[in-house]
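Heavy atoms only: backbone and side chains are in, while hydrogens, waters and symmetry mates are out. Quick note on labels: first sequence line is chain A, next is B, and so on, each numbered from 1.
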Amino acid sequence: MDGDCSSASPTESKKTKSKTPRKPKESLLKQKSPAEFFAENKNIAGFDNPGKSLYTTVRELVENSLDSAESISELPVVEITIEEIGKTKFNSMIGLVDRERVDAALYDDYETEKAREKRLAKEARAQEMQAKNAALGKKVKEASATKVMKGRGEASFYRVTCKDNGKGMPHDDIPNMFGRVLSGTKYGLKQTRGKFGLGAKMALIWSKMSTGLPIEISSSMKNQNYISFCRLDIDIHKNIPHVHLHEKRENKEHWRGAEIQVVIEGNWTTYRSKILHYMRQMAVITPYAQLLFKFVSDTPDKNVSVRFARRTDVMPPIPMETKHHPSSVDLLLIKRLIAETSKQNLLQFLQHEFVNINKSYAERLIGEMGPDFSAKIPVKSLTSQQLVRIHQLLRQAKFDDPSGHCLSPAGEYNLRLGIIKELHPDMVATYSGSAQVFEGHPFIVEAGVSVGGKDVKQGLNIFRFANRIPLLFEQGADVVTRTALKRINWSSYKINQIQDKIGVFVSIVSTKIPFKGTGKEYIGDDITEIASAVKYAIQQCCVQLKSKIVKKMQAREQQERKRNLSRYIPDASAAVYNVLKEMTQLHAAKKIRYEDDALELLRKVSDNLVTKETLSEKLAKHVEQVDYEMALEYATQSGVSEEPRETIYIQSLEAENKMIDLQTPFIVFRLFQ
Amino acid sequence: MADSKKRRRKEVGGGDELPFKDKLKADIAILETLKEFSASTSSGSGGQTLTLQDLPLPFRCREVADLSLSSVQSNIESLILRIAHSILSGHGFSFDVPSRSAANQLYVPELDRIVLKDKSSQRPFANISTVRKSAITARILQLIHQLCIKGIHVTKRDLFYTDVKLFQDQIQSDAVLDDVSCMLGCTRSSLNVVAAEKGVVVGRLIFSDNGDMIDCTKMGMGGKAIPPNIDRVGDMQSDALFILLVEKDAAYMRLAEDRFYNRFPCIIVTAKGQPDVSTRLFLRKMKTELKLPVLALVDSDPYGLKILSVYGCGSKNMSYDSANLTTPDIKWLGVRPSDLDKYKIPEQCRLPMTEQDIKTGKDLLEEDFVKKNPGWVEELSLMVKTKQKAEIQALSTFGFQYLSEVYLPLKLQQKDWL
């Protein structure tokens, strides 16, 4: 581009720019701490507005708790409580005295004279209308609760508490685990719910921004005789924790787990349903967890308390940390792996730091790299050019696909159980695909399709899970939604896309979920590997369902065949008879000639020996005979497998067994209630 | 009337220049070429048209014929008698219905139309999937029997309303009606059931409808509705040089209002979209009796060509009667995909083809009736390649009367048809 240009100035300026950016005017070179960056771009982490922030806080805390319990193979018990805090209470918490408004007109929600006139007139009109309606005997609609205009400053505050029975945290690590953005324990290459070490910290940043109150953490680990208690907030500019209190307390009950309490601004009314949906879907995908959700406010009728009981104690295995697949690495990653590796030479490095490279393959790779390389070359001494060559080769060479054994899918059993437990569908089918690969990362797609059930809308209801987290937002662009809506021909599986209550559940697990957009809310539709795997999984479920549905339809057809056939007997016999009748009349009047056996029939008709009823009877007899034959055929084909169906009730594991034992000398009767 | 029209044309001519207007020769010159064309067509089509019997086809085909009322009646009666016997002997009953599915259709290039092969299927009463249809078939047979006795005509809608409860919706009774005419081996018109009037005709044509003489130049702007019973139509006379087949009502209106047929003697016909049976019958009658060439003006999209194909070689639904319904040798005058560039139709008047359109276009390219005409293949390939379509109305971008003032005359002058 910048060859032998006569005027060198543009090239020169370009060069200088690329090396040291020339500061336009006097702007200072500032640096931003990660915490500051995320505080300014809250939406990246799902803290777009107070309502969403409340939702995301709940979500992050619940997911951390589940991860923590699963990491020590403990069946999770998670209690989450949202407590509404009134303005007065909040002010007293932060030590602020409630002040009366003196200059009313100063405030944004002050009602001017004009506005009041308008409002009064409107209310009067509404009242008049209502009176009129009442007088006419019309059903009076409940007077819509007059909306209390919320002023700008009028925020609502919530204390979110999350308690679990997980691993707990080491006493000394607590400040850094919460007070430092982008620090975490989940950075390895494995399937995890969280990824960036952002969740709980973002909640803290949000609480600092909206309430200024610190976060409180209690935690105890196994074999610890004390509870760590820590109250801290974060120094956003330095991205370091600011500890208020950090002490060890007595642990009388040998409690293990963690409890995190944070006070934030939120909006319960608009995000109520989202939060409840989230909890419900989480219960679907983790039926082995016991989830307790409580919302507490000053007005008792707004309180919510939902318990999602544990239905199984089969827990998916803990996802294992795996090594990188050679085709997924980039240059930076290779450098990092080299810096961290304990292996000395290139051969060992390739063989041990990646999956699917064995010794002979590593040797072949090194041979292919060129004369500059040898198996014995010390890996730390590789030049950057040599690294590029390695990277190129790893990109181009053929490797076996990574196996999926490092993944921990929910499992067909758990998925099925979750669907049955939460939706009570009429029919359900599940399918678990084998591991597949996208850009060197293995992924597994599991799907469930249900038909019918309670609290299910007509049409398609889509439930998406990524690494066993429910995804609730940005459904429209998601690969699952697109596939279910556009690429599945439901009618070919005898499912009515509009009228049936269809539940589509798709869970994708991977060491790296290719989320689209800033929030981790949806998976793009542009990845063909995932799209086709999703489609195949849903289709497999549908194939299972189809045979069930067809059997059901056949059974119904069996029952209704005679009725359906008989329904048309009057129409058919009347039509035939009427023609015969006309013919006899024509024959009598115009003497049209017919053949002999026709004549005989017509004579019978005119003599009323053959009437409409005779035809109907004969047809009915024929239908009966055919029906009998068909039923016999159906029975021989399908066998006598139609045993009476019984509803099965799955008892929750945690429920107490109420039973009475009736003892006799020989046997004991145990009555379950 | 004529004066005012002339004045208007002058105004347009003297006013702003319409594109390509300068290429137009005097009307007399165009008329000369048309006369030549018309004469060649009438002399050329003097030979006998082929029938199915003339061809040594390797399989049997089903064709229907016009039957008299009495023979339709006796056909029905013998059918019903057979059924009554079958019922009384305890075997229920079953109809033997010729299949009208796509697999049973065949395009015969020698005839240039679709014919029906002789596959047929049973329609037993005592079967859950056919019970409804066989009941409806019996009922329709009875109703037609009545029509035969009384000797009257009804519409398909009338027929449907005689037993709404059984038929449920008109599509079902219409389908069975076609089955019945196939079964009885007669045309649908001989069942005395007609479709509602849809097509209209205007221009240099005089014919008798049920004994009344109709002059189609004196039918006002709307033209004369094409009578549903073709058997009542007769005594066609015309001094037209060609028949202009128009897909759209709007273009038809334009031509009728501008009295295009007075400038270039012609007969203008439209069926307002997909043609119905009576329009197709009427067109065929005009073509065979008057021996006039037929030029078609359709949209430049796959559906325009499809409509052309229905006029030309018949629809799959009515293939059993294609001998009576099709009009061979229809010329594609416009609007053709190549016209879009030739007449510099601006981009904003062209529409992008949808995926469905493109698929239809590609499917059409595989159809035999398109393949037999290399010019059509070329045009259609161009359409699929450019992925652009345009309606006849796109020509209005140069003025509402561009169609009748410039486009059509120029097309005729250049003999630009395929």
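- Under a 4.0 Å N-O distance rule, the pair Glu347(B)/Arg350(B) qualifies as a salt bridge.
- Note on Arg139(B), Arg132(B), Lys165(B), Gln146(B): by heavy-atom pairs under 4.5 Å with chain A, the leading option is Arg132(B).
- No side-chain donor-acceptor contact under 3.5 Å links Asp321(B) and Thr187(B).
- At a threshold of 4.0 Å, the pair Asp299(B)-Lys389(B) does not count as salt-bridged, since none of the basic side-chain nitrogens sits closer than that to a carboxylate oxygen.
- The residues Arg561(A) and Asp627(A) are annotated as salt-bridged, a charged nitrogen and a carboxylate oxygen being separated by less than 4.0 angstrom.
- A donor-acceptor contact closer than 3.5 angstrom is absent between the side chains of Glu582(A) and His145(B).
- Proximity to chain B (any heavy atom under 4.5 Å) is restricted, for Val626(A), to the side chain, taken from C-beta onward.
- Scanning residues 81-104 of chain B against chain A with a 4.5 Å non-hydrogen threshold yields Leu81(B), Ile83(B), Ala84(B), His85(B), Ile87(B), Leu88(B), Gly90(B), His91(B), Gly92(B), Phe93(B), sorted by number.
- Your options are Ser573(A), Ala575(A), Ala598(A), and the one with the most heavy-atom pairs under 4.5 Å with chain B is Ala575(A).
- A 4.5 Å side-chain heavy-atom check between Val480(A) and Thr483(A) finds every atom pair outside the cut-off.
- Contact count versus chain B (heavy atoms, under 4.5 Å) is highest, among Leu602(A), Val605(A), Leu601(A), for Leu601(A).
- The aromatic rings of Phe463(A) and Phe505(A) sit parallel to each other, their planes meeting at less than 30°, with 60° as the upper class boundary.
- Salt bridge status for Asp478(A) with Arg482(A): absent, with no side-chain N to carboxylate O gap under 4.0 Å.
- For Glu617(A), no part lies under 4.5 angstrom from a heavy atom of chain B.
- For Asp179(B) and Arg123(B), the salt-bridge test passes: some basic side-chain N is under 4.0 Å from an acidic carboxylate O.
- Ranked by heavy-atom pairs under 4.5 Å with chain B, the first of Val610(A), Thr614(A), Asn578(A) is Asn578(A).
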